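Chain naming here is simple, since letters A, B, ... match the order of the sequence lines and numbering starts at 1 in each. Fair warning: this is a prediction, and the values are worked out from it, not measured in the lab.
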There are 2 protein chains.
Amino acid sequence: MSNGKTTLRDVAAAAGVSPMTASNALHGKAGVKQSTRAKVLEAAERLNYRINLTASMLKSGRSNIIHIIVNEFDSPFYSRLVQSLANETTARRLTPFVEQTRYSPDAAKQALTTNPFSGQLFDGEIIHASGLGTNLPLAKMNAGRPLVLIDGCEENPSVDTVNFPNEEGARAAVQHLIERGCRRIAIVGGGYTPRVKLAHVETSYGLRLRGASGALLDAGLPYDGSVTFNGYNSKEGMKAGHEIGDLIIASYRHQIDEPPIDGVFCANDYSAFGVIRGLADHGLRVPDDVKVIGIDGTSFGAYSTPTLSTIQVDLDQLAQFALDMITRRIEERMHGGTTVAPTRATIGYQLVARESTEIVRR
Amino acid sequence: MSNGKTTLRDVAAAAGVSPMTASNALHGKAGVKQSTRAKVLEAAERLNYRINLTASMLKSGRSNIIHIIVNEFDSPFYSRLVQSLANETTARRLTPFVEQTRYSPDAAKQALTTNPFSGQLFDGEIIHASGLGTNLPLAKMNAGRPLVLIDGCEENPSVDTVNFPNEEGARAAVQHLIERGCRRIAIVGGGYTPRVKLAHVETSYGLRLRGASGALLDAGLPYDGSVTFNGYNSKEGMKAGHEIGDLIIASYRHQIDEPPIDGVFCANDYSAFGVIRGLADHGLRVPDDVKVIGIDGTSFGAYSTPTLSTIQVDLDQLAQFALDMITRRIEERMHGGTTVAPTRATIGYQLVARESTEIVRR
DNA sequence: TTGAAAGCGCTAACAT
DNA sequence: ATGTTAGCGCTTTCAA
């Protein structure tokens with residue numbers, strides 16, 4: 001016991017066995033007599049022994065730590081994502097190590113490459129970060145180490161990927177607005193992209209735009225630069241709400257019958273709250289004057305005023321898929337197995353209709 | 001280079017120096033010739049060398065990792081807290097390792113005691129977790145390892161502690177309601193505790209209650225079981241909102257002049273959103289019918305409808321204080337210095353008045 | 001069923 | 001300014 005810390009040696013000595021036997025006993029390995037194991041466990045307990053993981057890792061090359069990389073902690077969406085991933089990681093007796101890139105592609109790249117923890121301390125990595133779109137860099141960056149990409153949106157993924165139901169979800173959201181009677185539907189998110197350019201998009205917003213615009217065109221409704229607005233978070237969403245509000249107020253003034261906008265699809269919930277706020281600043285009410293739907297399904301939408309209709313994505317399923325993939329790769333790696341081609345999965349979603357898209361009798 | 005991984009040996013060999021010189025060169029230690037350092041760095045770059053942290057930790061006993069323990073990731077408050085702590089940790093060239101206890105005191109205890117990472121892998125720990133109130137266990141649990149407690153609320157802290165302005169903030173919030181004309185103020189949080197029992201409370205809510213009730217009594221307003229409600233999150237807050245709404249509606253029916261409740265102080269923002277939602281379910285409007293104020297200052301209050309008045313606490317300052325304390329303890333420990341008595345600090349706050357407490361002309 | 005030897009990759013301490 | 005030695009605490013391998 002050097003330096004006040006009990007080592008395996010101490011435990012072994014106290015139990016009257018070799019360090020190796022003590023190690024095996026503590027790890028519950030087969031081939032240790034019951035009585036011997038009992039002695040060892042007792043000694044460990046008595047001496048308050050705790051394994052030194054650095055030593056264990058150094059020798060075994062495994063840490064059971066999964067590196068989870070996201071853009072930031074403090075957003076309703078990411079905090080929920082991290083929660084799901086961390087819970088599922090823990091459930092599988094692995095340890096989650098969460099890191100944020102703060103939306104810097106450099107930081108994300110660094111997290112995977114120059115960061116000395118990566119690949120040495122971590123058994124695998126799960127990443128959801130912006131600016132990592134393209135194919136080649138990723139596979140190379142991780143140099144064959146177990147890696148799962150969240151919402152990579154690649155057509156031909158080079159690594160295991162779990163995608164959000166971007167296109168399907170956005171389509172369902174817009175169809176819902178149409179069913180609720182909307183005829184002039186705005187899209188708030190990353191602005192306008194013509195349909196032809198959406199054919200092979202590989203970004204989350206691009207896919208959402210494809211789904212949303214598809215639903216509009218299928219219903220014979222307009223999709224062009226006049227119905228798209230910028231707004232990816234609450235702050236920007238509020239600005240979009242102001243712009244939309246300006247249009248509506250102007251139409252009132254000119255006594256135009258058809259409202260210029262009567263429904264809004266927001267590329268995420270966070271932005272939707274901002275839009276509602278922005279409309280409220282102009283005295284416009286949701287759903288009375290304009291209906292609003294988001295996508296993501298952050299828990300907050302159930303308690304806001306009005307409560308928010310949204311596309312709820314199944315983040316627990318996402319976490320399960322991601323951990324299935326990563327553990328499979330880790331196993332594969334341990335047993336030097338054959339490398340299987342990258343897998344892809346898309347998680348489920350559910351339309352949750354709440355007050356913000358209710359039909360209001362006038 | 002065994003197993004495809006470049007080791008320090010490889011770099012040293014390639015640069016034509018000893019491993020020790022290579023190590024010193026890579027770490028920028030003094031006493032290495034410029035030309036030698038250059039050779040080493042070039043070799044490391046070329047061979048794509050990355051230090052093996054497990055080995056380094058094992059030998060040096062330092063990891064530069066700070067363990068951050070919180071109740072959960074997915075709450076507006078905790079995600080913001082973690083963000084601040086993680087940013088500040090990174091800014092000091094340390095690595096944050098975030099863990100959630102999911103509100104289980106056992107998990108918190110385990111994170112500090114039986115978790116093998118603790119004290120072996122981590123240089124220090126910062127914890128904000130429920131169920132860790134009492135003095136003795138904590139100091140013991142961490143067995144002298146650097147530890148900082150967030151919002152421990154102890155009268156005589158046994159470890160370094162950074163507290164929230166619980167009492168002062170709650171007092172300011174209630175005084176604000178009074179200034180805005182409220183005369184029947186409800187407190188939504190953890191229920192009722194008589195004043196005498198609040199004299200030596202050591203919990204966050206207890207202190208908030210002391211501040212709030214103090215402000216009420218000082219103004220000659222009632223503080224008793226009839227003005228306190230349970231509601232610590234949005235869901236419970238919504239229920240409290242329903243209860244308060246019931247009271248108000250009943251008073252309308254009985255044509256009572258004085259409203260039974262005209263202001264609500266919520267023990268956190270999250271709960272405040274729920275209260276507003278609950279009141280809305282009864283057709284009651286904020287601030288028109290009831291004024292509401294929260295405490296914490298989560299960013300969301302700026303975009304909600306109505307925007308939420310709150311006590312904004314300075315989480316960046318909290319992170320600074322906490323890291324000052326922990327790095328001081330780590331240094332102290334390295335240099336075997338004298339153990340200084342536990343420090344305590346309370347962070348600042350700011351009253352942010354928004355729509356939810358605006359005076360409405362009828 | 002148990003133990004002895006060897007070494008993971010690095011760095012503190014001590015030479016040179 | 002550079003190199004040598006030793007060993008952190010554990011586990012893999014092989015022998016008993």
Side-chain angles (χ1 to χ4, degrees), chain A residues 1-41 43-44 47-64 116-117 119-121 123 334-336, chain B residues 1-41 43-44 47-64 116-117 119-121 123 334-336:
Chain A
M1 154 141 47
S2 76
N3 173 28
K5 278 203 169 32
T6 308
T7 76
L8 184 60
R9 269 190 140 68
D10 303 322
V11 175
V17 296
S18 74
M20 206 50 242
T21 303
S23 171
N24 286 331
L26 287 168
H27 285 284
K29 292 249 171 87
V32 181
K33 229 201 304 179
Q34 258 319 318
S35 59
T36 312
R37 181 193 311 284
K39 268 193 300 184
V40 172
L41 292 179
L47 298 177
N48 193 24
Y49 170 73
R50 281 202 267 163
I51 190 172
N52 182 326
L53 273 193
T54 49
S56 154
M57 286 181 217
L58 177 57
K59 186 64 191 175
S60 69
R62 277 204 62 168
S63 67
N64 292 322
F117 286 45
Q120 310 261 11
L121 190 58
D123 284 354
M334 293 303 289
H335 308 325
Chain B
M1 151 139 49
S2 76
N3 172 31
K5 275 203 171 34
T6 308
T7 76
L8 184 61
R9 273 192 137 68
D10 303 321
V11 175
V17 297
S18 75
M20 205 52 240
T21 303
S23 171
N24 285 331
L26 288 168
H27 285 282
K29 292 247 170 90
V32 181
K33 231 200 306 182
Q34 261 316 320
S35 59
T36 313
R37 183 195 309 284
K39 269 192 299 183
V40 171
L41 292 180
L47 297 177
N48 193 23
Y49 169 74
R50 283 202 267 162
I51 189 172
N52 181 326
L53 273 193
T54 49
S56 161
M57 286 182 216
L58 177 57
K59 185 64 191 175
S60 70
R62 277 204 62 170
S63 67
N64 292 323
F117 286 46
Q120 312 260 11
L121 191 58
D123 284 353
M334 293 304 287
H335 309 326

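If you take CE of A:Met20 and P of D:dT12, they are 7 Å apart, rounded to a whole angstrom. The separation between B:Arg50 atom CZ and C:dG9 atom P is 15 Å, rounded to whole Å. Here the P atom of nucleotide C:dT11 and the CZ atom of B:Arg9 are 13 Å apart, to the nearest Å. For the pair A:Lys29 NZ and D:dT13 P, the computed distance is 10 Å after rounding to whole Å. The separation between B:Lys59 atom NZ and D:dA6 atom P is 12 Å, rounded to whole Å. To the nearest angstrom, P of C:dC8 lies 13 Å from CG of B:Leu8.
Residues A:Ser23 and A:Leu26 have side chains not in contact (no heavy-atom distance under 4.5 Å, counting atoms from C-beta outward). Under the 4.5 Å side-chain criterion, counting only non-hydrogen atoms from C-beta, A:Asn52 is not in contact with A:Thr7. Looking only at side-chain heavy atoms (C-beta outward), B:Ile51 and B:Leu8 stay at 4.5 Å or farther from each other.
In terms of position on DNA chain C, the residue among B:Asn24 and B:Thr54 whose nearest nucleotide sits closer to the 5' end is B:Thr54.
Proximity of A:Ser18 to the phosphate of C:dT2: no side-chain N or O atom is located under 4.0 Å from OP1 or OP2. In terms of phosphate contacts, A:Ser56 brings a side-chain nitrogen or oxygen within less than 4.0 Å of OP1 or OP2 of D:dT11. Side-chain N/O atoms of A:Thr7 include none lying less than 4.0 angstrom from OP1 or OP2 on D:dG9. The phosphate of C:dC10 (OP1 or OP2) has a side-chain N or O of B:Tyr49 nearer than 4.0 angstrom.
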